[in-house]
Peer 1: 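Got a structure for you, written out below as structure tokens; questions coming shortly.
We count residues from 1, following the sequence as given.
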Amino acid sequence: MKRLLPHPLLTPILAAVWLLLNNSYSPGHVVLGLMLGWAIPWFTLRFWPERVRIRRPWVLMRFVAVVLYDIVVANLIVARRILGRPEHLRPAFVEVPLALTSDLAISLLANTISLTPGTVSARLAPDRTSLLVHGLHVPDAAELVASIKSRYEAPLKEVFESC
């Protein structure tokens with residue numbers, strides 16, 4: 001079964017993304033979305049460096065909701081800061097120590113940080129123990145680190161790594 005459907009969770013997600021991008025739920029698009037949802041994971045199977053195992057799917061769903069919420073709120077905050085008084089911004093680079101060890105979890109953390117307006121992942125340390133993050137407005141570096149670790153890193157660790 002794993003050989004025919006290598007990533008059973010990814011297949012419906014890709015099919016749903018296909019339907020959302022096409023804004024059509026016709027039977028043809030549903031079938032094409034399911035075919036793409038099956039074919040993409042199947043053809044890219046050899047490129048996946050490790051077997052993805054989601055240990056806590058409900059935590060992952062909560063994580064996605066938190067990230068979407070943070071993206072909306074951060075957009076409003078960044079817009080207000082840029083349109084308001086940009087001379088009061090305090091940009092900074094902050095080193096975030098990592099508790100994650102999985103390639104996938106570290107990649108998801110870095111991408112989540114970059115997706116959230118006002119922050120960008122700049123560099124992963126060669127020993128993979130820290131991530132350099134640039135913040136558009138960082139009045140307190142420790143607060144930014146604590147926020148990233150509690151809102152993003154902790155759930156990713158719980159979902160993708162054994163605690």
Side-chain angles (χ1 to χ4, degrees), residues 1-21 33-78 91-163:
M1 183 64 178
K2 290 285 185 192
R3 194 169 189 199
L4 292 175
L5 192 62
H7 297 285
L9 184 63
L10 186 58
T11 297
I13 290 172
L14 289 173
V17 168
W18 174 260
L19 293 174
L20 289 171
L21 288 173
L34 288 172
M35 287 174 46
L36 287 171
W38 167 79
I40 290 171
W42 192 75
F43 283 115
T44 62
L45 184 60
R46 64 178 170 215
F47 300 115
W48 291 68
E50 60 189 59
R51 182 80 178 138
V52 177
R53 182 157 182 244
I54 298 173
R55 289 173 172 73
R56 307 276 309 270
W58 294 111
V59 174
L60 180 61
M61 290 172 56
R62 190 177 71 227
F63 170 76
V64 169
V66 165
V67 169
L68 291 175
Y69 173 80
D70 285 353
I71 288 171
V72 171
V73 170
N75 268 303
L76 297 172
I77 291 170
V78 167
F93 282 98
V94 177
E95 198 81 26
V96 178
L98 295 178
L100 299 171
T101 56
S102 159
D103 287 340
L104 177 63
I106 292 171
S107 178
L108 284 173
L109 176 64
N111 286 304
T112 300
I113 290 168
S114 294
L115 278 173
T116 308
T119 54
V120 175
S121 299
R123 179 180 50 88
L124 178 63
D127 60 358
R128 303 168 48 130
T129 59
S130 65
L131 185 65
L132 185 65
V133 174
H134 181 269
L136 181 65
H137 182 66
V138 185
D140 183 9
E143 183 181 321
L144 177 62
V145 170
S147 175
I148 289 171
K149 291 188 82 54
S150 66
R151 292 184 71 79
Y152 305 142
E153 186 183 38
L156 288 172
K157 186 163 186 66
E158 195 173 337
V159 170
F160 295 108
E161 298 180 0
S162 57
C163 297

Peer 1: Measuring from atom CG of Asp103 to atom CZ of Arg128, what distance do you get when rounded to the nearest 0.5 angstrom?
Peer 2: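 Answer for the CG-CZ pair, Asp103 versus Arg128, is 4.0 Å.
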Peer 1: About how many Å separate CH2 of Trp18 and CE of Met35, when rounded to the nearest 0.5 Å?
Peer 2: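 That separation rounds to 10.5 Å.
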Peer 1: Work out which heavy atom in Leu124 is nearest to a heavy atom in Ser130; give both atom names and the distance.
Peer 2: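 Of all heavy-atom pairs spanning Leu124 and Ser130, the closest is CD1-O, 3.4 Å.
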Peer 1: Taking Ala110's backbone N and O only, do any of them form a donor-acceptor pair with Ser114's side chain (distance below 3.5 Å, no angle check)?
Peer 2: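 Yes; at least one donor-acceptor contact below 3.5 Å.
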Peer 1: How long is the straight-line distance from CD of Glu153 back to CD1 of Ile148, given to the nearest 0.5 Å?
Peer 2: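 Interatomic distance, Ile148 CD1 to Glu153 CD, rounded to 0.5 Å: 9.5 Å.
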Peer 1: Measure the spacing between CZ of Phe160 and CG of Leu104 and express it to the nearest 0.5 Å.
Peer 2: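 These two atoms lie 5.0 Å from each other.
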Peer 1: List the atom of Tyr152, the atom of Leu109, and the distance in Å for their closest heavy-atom pair.
Peer 2: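 For Tyr152 and Leu109, the tightest heavy-atom pair comes out as CB-CD1, 3.5 Å.
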Peer 1: With a 4.5 Å limit on heavy-atom distance, are the side chains of Val159 and Arg55 in contact?
Peer 2: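 Sidechains of Arg55 and Val159: no contact.
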Peer 1: Using modelled atom types only, decide if a donor and an acceptor are shared between the side chain of Thr119 and the backbone of Gly135 within a distance under 3.5 Å.
Peer 2: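 No, Thr119 side chain to Gly135 backbone: no donor-acceptor pair under 3.5 Å.
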Peer 1: Is a side-chain donor or acceptor of Lys149 paired with a backbone partner of Pro97 at a separation under 3.5 angstrom?
Peer 2: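 Yes, the answer is positive, given that a donor and an acceptor are paired below the 3.5 Å cut-off.
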Peer 1: Can you tell me how far apart CG (Asn75) and CG (Asp70) are? Round to the nearest 0.5 Å.
Peer 2: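 Between atom CG of Asn75 and atom CG of Asp70 there are 11.0 Å.
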Peer 1: Closest heavy-atom contact between Ala92 and Val138?
Peer 2: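 Closest pair (atom of Ala92, atom of Val138, distance): CB-CB, 3.9 Å.
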Peer 1: State whether the side chain of Glu161 and the backbone N or O of Leu100 hold a donor-acceptor pair below 3.5 Å, judged by distance alone.
Peer 2: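 Not confirmed, Glu161 side chain does not pair with Leu100 backbone.
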Peer 1: Can you list everything that forms a ring-ring contact (aromatic ring centres under 6.0 Å, His included) with His137? Sequence neighbours excluded, please.
Peer 2: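 For His137, no residue satisfies ring-ring contact (aromatic ring centres under 6.0 Å, His included) once neighbours in sequence are set aside.
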Peer 1: Taking all non-hydrogen atoms of both residues into account, name the closest pair between Pro41 and Leu36 and its distance.
Peer 2: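 Result for this residue pair: CD-O, 4.0 Å.
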Peer 1: From the options Ile106, Asp127, Thr129, select the one residue that forms a side-chain contact (heavy atoms from CB on, under 4.5 Å) with Leu98.
Peer 2: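 Of all the options given, the one that passes is Ile106.
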Peer 1: Which residues pass the side-chain contact (heavy atoms from CB on, under 4.5 Å) test with Arg62, not counting sequence neighbours?
Peer 2: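 With neighbours one apart ignored, the set is Val59.
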Peer 1: Applying the side-chain contact (heavy atoms from CB on, under 4.5 Å) criterion to Tyr69, which one of Val73, Val72, Val66 satisfies it?
Peer 2: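 Result: among Val73, Val72, Val66, Val73 is the only option passing the side-chain contact (heavy atoms from CB on, under 4.5 Å) with Tyr69.
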Peer 1: Taking only residues two or more places apart in sequence, or in another chain, which ones meet Phe93 in a ring-ring contact (aromatic ring centres under 6.0 Å, His included)?
Peer 2: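 Result, ring-ring contact (aromatic ring centres under 6.0 Å, His included) vs Phe93: His134.
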Peer 1: Arg56: what forms a salt bridge (Lys or Arg N to Asp or Glu O under 4.0 Å) with it, not counting sequence neighbours?
Peer 2: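 Here the qualifying residues are Glu158.
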Peer 1: Hey, is CD on Glu143 packed in by over 12 heavy atoms from elsewhere, all under 6.0 Å?
Peer 2: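 Atom CD in Glu143 is not crowded, with 12 or fewer foreign heavy atoms closer than 6.0 Å.
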Peer 1: Roughly how far apart are Thr112 OG1 and Phe63 CZ, rounded to 0.5 Å?
Peer 2: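 Between atom OG1 of Thr112 and atom CZ of Phe63 there are 3.5 Å.
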Peer 1: Test of understanding: with side chain to side chain donor-acceptor pair (under 3.5 Å), list the residues that count as partners of Asn111, not counting sequence neighbours.
Peer 2: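 By the side chain to side chain donor-acceptor pair (under 3.5 Å) rule, Asn111 matches Ser107.
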Peer 1: Does Val78 have any side-chain contact (heavy atoms from CB on, under 4.5 Å) partners at least two apart in sequence or in another chain, and if so, which?
Peer 2: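 Here the qualifying residues are Ile82, Pro117, Leu136.
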